[in-house]
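To keep things clear, I will list the structure first and then write my remarks on it.
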Amino acid sequence: MHDLAGGPFNVNSVKQLREVLYEQLALTPVRKTKTGFSTDARTLESLRGQHPIVEVLLRYREVEKLRSTYGETLAAEVASDGRIHATFRQTVARTGRLSSDRPNLHNIPVRTEEGRQLRRAFVPSPGHRLLVADYDQIELRVIAHLADDPGLIAAFAEERDIHRTTAARVFGVPAEEVTGPQRNRAKMVSYGLAYGMEAFGLAQRLGIVTAEAQEILDAYFRAFPSVRAHMEQTVNEARSKGYTETLFGRRRSLPDLHSPNRGLRMAAERQAMNAGIQGLAADLFKVALVRLDGALEEQALAARLVLQVHDEVLVEVPGDEEETVGALVAEVLSGVADAVGLAVPLKVSSAWGSTWADAKG
DNA sequence: TCTGTCACG
DNA sequence: ACGTACGTGACAGAC
């Protein structure tokens, strides 16, 4: 790195790295932060090819993240019983999700193969396997319910590939003719919805111009008009009440909806749209966890809940209970849909593994 | 203590 | 013309 930079510097120092990249090497800055030009991964990606140091930096950041946050640190958290006992906090996340700290077990790597290897360290007791069950597109299903959108509800009811179906309606082609990129764009729109994403944000993520992103969004809202209506109604209601409220009565106060500061106000509007969606998904999942724990107890099963990750649960199951518990977990998790009269079914995917890394569908 | 960065859903 | 996707926690360096 020294040789590439023309001298020694601390790679972990953003300040020093800025000097190296944008002054000594005179690379073209792309984005700014409060304190100067950005050096984050997205920026570095776009600087690729300008100088060989960029590739090395990206790789360094990747392995250094794994080393400093997970490798040695996580190993040090293992208690004398061989387990990690994180704290799950009920009153931190404003939406009703749990948060996990000391350590955070909600962000164990999974997206790269190298990072995913860390999950091999998470193993059940001898004679047990891990059952990993998660909800498929729970937030999108919650949107379908809240917006009471006939098109979305029908798509979920018929168990169709939701992103393909969405793409077909947005791009006006038969479902079987939807291309890979079209499906990906529809998927991005669907997920962006829950966050109040606008054309600009969609354009950034898809690498297209804002006008084209706007056309896609317009087409989406033409296809699923109740979704836009629901978003608008949610913000209006929050504005007059001062808070949002989930079906379970969970409130989130949003005073910034009346802020004179435009940025704060718009952020609060996005939070209003998201709170009911993320919040209801969190509420449903927590009901499922309580029921699951109760059912294991009631049926005198030895299987135990060991971790939850927002829409996913890990259960440690002895060999002779696999069949029973596998069926029970799926039934309890999907069962909460009926409990609140959800307009769409909740689909659950399950996988078994002798480590967390192996349990993949 | 704040900022930038990056891991996850 | 603006500013531009929600929710977290941990780490390292700067101040």
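Owing to the predicted nature of the structure, the values given are computational and were not obtained by experimental measurement. In what follows, chains carry the letters A, B, and so on, assigned in the order in which the sequence lines appear, proteins first and then strands, with residues in each chain numbered from 1.
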Remember a base hit wins even if backbone is also touched, and classify [X] as base, sugar-phosphate or nothing at under 4.0 Å, heavy atoms.
| X | answer |
| --- | --- |
| Arg111(A) | base |
| Ala194(A) | nothing |
| Glu62(A) | nothing |
| Arg31(A) | nothing |
| Ala275(A) | nothing |
| Gly192(A) | base |
| Met273(A) | nothing |

Checking contacts here: which listed nucleotide ([options]) is nearest the side-chain heavy atoms of [X]?
| X | options | result |
| --- | --- | --- |
| Phe200(A) | dG9(B), dT4(C), dA7(B) | dT4(C) |
| Pro109(A) | dA5(C), dC8(B), dG9(B) | dC8(B) |
| Lys15(A) | dC15(C), dG9(B), dC11(C) | dC15(C) |
| Ser13(A) | dA14(C), dG9(C), dG7(C) | dA14(C) |
| Met188(A) | dA5(C), dG9(C), dA12(C) | dA5(C) |
| Arg270(A) | dA10(C), dG9(B), dT4(C) | dT4(C) |
| Asn104(A) | dC6(C), dC11(C), dT8(C) | dT8(C) |
| Gln16(A) | dG7(C), dT5(B), dA14(C) | dA14(C) |
| Tyr70(A) | dA7(B), dG9(B), dC11(C) | dA7(B) |
| Gln278(A) | dG4(B), dC6(C), dC11(C) | dC6(C) |

Please determine whether a side-chain nitrogen or oxygen atom of [X] lies at a distance below 4.0 Å from atom OP1 or OP2 of [N].
| X | N | result |
| --- | --- | --- |
| Ser68(A) | dA10(C) | no |
| Asn10(A) | dG13(C) | yes |
| Ser38(A) | dG4(B) | no |
| Thr69(A) | dC11(C) | no |
| Ser99(A) | dG7(C) | no |

- Item | Aromatic ring proximity, centroids under 6.0 angstrom, Tyr191(A) and His163(A) |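 For His163(A) and Tyr191(A), the ring centres are under 6.0 Å apart.
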
Rounded off to whole Å, could you give me the [atom1]-to-[atom2] distance for the [X] and [N] pair?
| X | N | atom1 | atom2 | answer |
| --- | --- | --- | --- | --- |
| Leu140(A) | dC6(C) | CG | P | 18 Å |
| Lys187(A) | dG9(B) | NZ | P | 12 Å |
| Lys34(A) | dA14(C) | NZ | C1' | 14 Å |
| His106(A) | dC8(B) | NE2 | C1' | 9 Å |
| Phe88(A) | dC8(B) | CZ | C1' | 13 Å |
| Asp134(A) | dC8(B) | CG | P | 15 Å |
| Leu280(A) | dG7(C) | CG | C1' | 15 Å |
| Asp40(A) | dT3(B) | CG | C1' | 13 Å |

With no angle test and no hydrogens, is the base of [N] tied to the side chain of [X] by a donor-acceptor pair under 3.5 Å?
| X | N | answer |
| --- | --- | --- |
| Arg262(A) | dC2(C) | yes |
| Arg205(A) | dA5(C) | yes |
| Gln271(A) | dG7(C) | no |
| Asn12(A) | dA12(C) | no |
| Arg97(A) | dG9(B) | yes |

May I ask you to say whether [X] pairs ionically with [Y], meaning some side-chain N is under 4.0 Å from a carboxylate O?
| X | Y | result |
| --- | --- | --- |
| Arg59(A) | Glu62(A) | yes |
| Arg119(A) | Asp358(A) | no |
| Arg42(A) | Glu45(A) | no |

- Task: Begin with the C-alpha distance, continue with both residues' side-chain angles, and end with the deciding distance and a verdict on side-chain contact (heavy atoms from CB on, under 4.5 Å) for Arg239(A) and Asn236(A).
- Result: CA-CA 5 Å; Arg239(A) 203 179 278 125; Asn236(A) 287 335; 2.8 Å; yes

- Are the side chains of Asp136(A) and Phe156(A) in touch, meaning some heavy atoms are under 4.5 Å apart?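 No; the side chains remain at least 4.5 Å from each other.
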
- Without swapping roles, check the side chain of Gln278(A) against the backbone of Thr95(A) for a donor-acceptor pair under 3.5 Å. no

- With both distances under 3.5 angstrom, what nucleotide forms a Watson-Crick or G-U wobble pair with dA1(C)? none

- Under 30°, 30 to 60°, or over 60°: which ring-plane class applies to Phe122(A) and Trp356(A), parallel, tilted or perpendicular? perpendicular

- Query: Rounding to the closest angstrom, what is the interatomic distance between dG4(B) and dT4(C) at atom P?
  - Reply: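 Here dG4(B) and dT4(C) have their P atoms 13 Å from each other.
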
